[in-house]
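Remember, it's 1-based here, ligands and their atoms both numbered in the order they're listed.
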Amino acid sequence: MAIFQKGDFSGLLVIQIPYIKSKFRTMSRRKFIKNSVLGAAGIMALQTNARCESGEVKSKELKGKGDGTREVIKPIVISTWRHGMEANHGAWKVLKEGGNALDAVEKGVMVTESDADNRSVGLGGLPDRDGIVTLDACIMNHEQDCGAVGCITDIEHPISVARKVMEDTPHVMLVGKGAYDFAREKGFPHKNLLTPEAEADWKKWKESESQKKPEINHENHDTIGMLAMDANGNLSGSCTTSGWAFKLHGRLGDSPLIGAGLFVDNEVGAACATGLGEAVIRIAGSSTVVELMRNGKSPQEACEEAVRRIIAKHKNLEGLQVGFLAMNKKGEVGAYSVYEGFDYAKTTKDNHELIKAGFDRKW
Ligand code: GLY
């Protein structure tokens with residue numbers, strides 16, 4: 001069994017490239033076609049919203065009323081990565097019926113948690129170094145209530161357990177066996193989350209030379225974070241992941257940490273993060289983005305500032321991908337990542353679209 005020193009973690013970040021990249025591409029194309037059909041009721045567009053270094057952001061965001069004011073677009077839901085397209089459908093079913101943002105962000109990411117083809121969230125997620133699938137999730141509503149689970153095993157919907165922690169306990173976070181036992185008490189079924197495909201990937205990784213000589217993988221860490229504003233103008237957010245593939249057993253990333261992987265302040269806005277959790281935690285990422293918005297930055301400017309802070313705080317950016325996604329109370333959104341390749345799904349009554357985020361540098 002490989003033993004990793006502290007410094008070996010850059011290796012763990014990137015080793016899954018041979019397995020994920022091909023799978024991701026196949027899956028992505030299939031899902032993209034499926035999404036095009038699903039989106040026929042609305043308008044689906046692949047919108048370019050890329051900012052490279054000093055480049056201009058092209059974005060159609062808010063419709064003006066012609067009197068200088070801007071309409072608030074609501075309801076609205078956004079979520080990280082291409083898998084957000086399907087997740088947003090789940091959330092939109094709630095929002096379009098006048099449902100609340102909290103229900104929307106829970107139902108939305110549950111779609112991804114149940115997707116066995118997705119190697120980084122829920123069922124089918126890649127396991128840790130010991131071959132155990134451990135999941136992290138958190139949820140937060142417009143009243144600043146929040147709940148989280150960390151390193152939970154054998155439960156398909158950690159986001160719903162996180163919601164139960166929020167609603168049925170005086171605590172914010174449960175981890176490990178305590179989280180599992182709590183979920184079982186609440187009636188969540190036991191489920192083996194290690195699919196044959198994920199197990200095969202893990203076995204391949206264990207045998208692979210890449211353990212010693214890692215390659216850059218910028219498609220790693222595709223956590224789903226979701227932010228929604230309902231018809232009443234209330235915000236909620238959710239975040240769920242299987243985390244860093246082949247991580248040390250017991251490792252928690254940013255995704256279950258309120259303030260790191262997710263933060264909501266209904267007076268200001270909401271933000272979530274994806275990518276290397278250790279880097280997000282170091283700058284209290286999502287909280288930072290919300291505070292920047294509180295101080296007057298747009299969601300786009302806030303995400304860019306947070307990414308720049310990560311860049312400034314890390315000497316070695318090799319393989320260090322982090323992306324932030326944010327929304328303010330006007331329904332304006334922003335996204336930005338360290339490296340090229342981050343995208344997000346945005347759904348309103350008019351559009352269901354995948355948008356390329358701006359980025360600081362190319363791979
Ligand atoms: N952002 C997910 C993780 O680092 O676990």
Side-chain angles (χ1 to χ4, degrees), residues 4 9-16 20 24 79-84 87 109 112-113 118-122 124-129 132-140 148-153 158-159 162 173 175-176 179 193 198 214 217-227 237-263 271-289 303 306-307 310 313-314 317-326 335-339 341-344 357:
F4 291 92
F9 275 85
S10 59
L12 280 179
L13 168 65
V14 294
I15 16 191
Q16 52 179 311
I20 281 197
F24 193 89
S79 60
T80 56
W81 302 106
R82 189 178 288 265
H83 52 211
V109 300
T112 321
E113 288 180 336
N118 187 310
R119 288 286 190 280
S120 57
V121 180
L126 289 169
D128 64 18
R129 190 187 64 175
I132 304 165
V133 180
T134 68
L135 305 178
D136 300 336
C138 73
I139 194 161
M140 191 163 190
V149 289
C151 206
I152 191 171
T153 57
I159 197 66
M173 182 184 281
V175 299
L193 303 174
N217 177 13
H218 57 277
E219 284 170 350
N220 198 352
H221 285 277
D222 35 1
T223 304
I224 184 153
M226 177 176 279
L227 310 172
S238 60
C239 189
T240 178
T241 190
S242 55
W244 188 334
F246 318 131
K247 62 198 173 187
L248 290 182
H249 185 67
R251 178 261 186 191
L252 293 180
D254 59 316
S255 302
L257 301 181
I258 297 294
L262 174 71
F263 197 67
C272 59
T274 181
L276 183 61
E278 281 74 0
V280 176
I281 293 168
R282 281 187 196 108
I283 67 147
S286 294
S287 169
T288 293
V289 172
C303 290
V307 163
I310 283 186
K313 300 284 179 194
H314 291 84
L317 289 174
E318 195 183 341
L320 195 166
Q321 174 65 312
V322 165
F324 290 108
L325 181 62
Y336 202 68
S337 56
V338 176
Y339 284 102
F342 178 40
D343 47 22
Y344 65 101

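For ligand 1, the atoms sitting less than 4.0 Å from at least one non-hydrogen atom of D254 are 1 (N), 2 (C), 3 (C), 4 (O), numbered in the order shown with element in parentheses. Close approach of ligand 1 to T223 (heavy-atom distance below 4.0 Å) involves ligand atoms 1 (N), 2 (C). Close approach to W244 involves these atoms of ligand 1, each under 4.0 Å from a residue heavy atom: 5 (O). Numbered from 1 in the order shown, with element, the atoms of ligand 1 that lie under 4.0 Å from a heavy atom of G275 read 1 (N), 2 (C), 3 (C), 4 (O). Within ligand 1, counting atoms from 1 as listed, the ones closer than 4.0 Å to a heavy atom of S255 are 1 (N), 2 (C). Of all atoms in ligand 1, listed by their number and element, those nearer than 4.0 Å to a heavy atom of G243 are 5 (O).
When heavy-atom distances to ligand 1 are checked against a 4.0 Å cut-off, K247 has no atom that comes that close, whether in backbone or side chain.
For R251, a nitrogen or oxygen atom sits less than 3.5 Å from a nitrogen or oxygen atom of ligand 1, counting backbone and side chain alike. Here's the thing with D136: none of its N/O atoms is less than 3.5 angstrom from an N/O atom of ligand 1.
A306 and I283 make their closest contact through O-CD1, 3.5 Å (heavy atoms, listed as atom of the first residue, atom of the second, distance).
The shortest distance between side-chain heavy atoms of M226 and C239 does not fall below 4.5 Å.
I224 CD1 to S238 OG: the interatomic distance, rounded to the nearest 0.5 Å, is 7.0 Å. A distance of 7.5 Å separates OG in S242 from CG in N118, rounded to the nearest 0.5 Å.
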| field | F324 vs V280, side-chain contact (heavy atoms from CB on, under 4.5 Å): CA-CA, chis, key distance, verdict | value | CA-CA 9 Å; F324 290 108; V280 176; 4.2 Å; yes
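Ion pairing of E278 with R251 is present here, as a side-chain N (NZ or NE/NH1/NH2) and a carboxylate O approach within less than 4.0 Å.
Aromatic pair W81/F342: ring centres closer than 6.0 Å.
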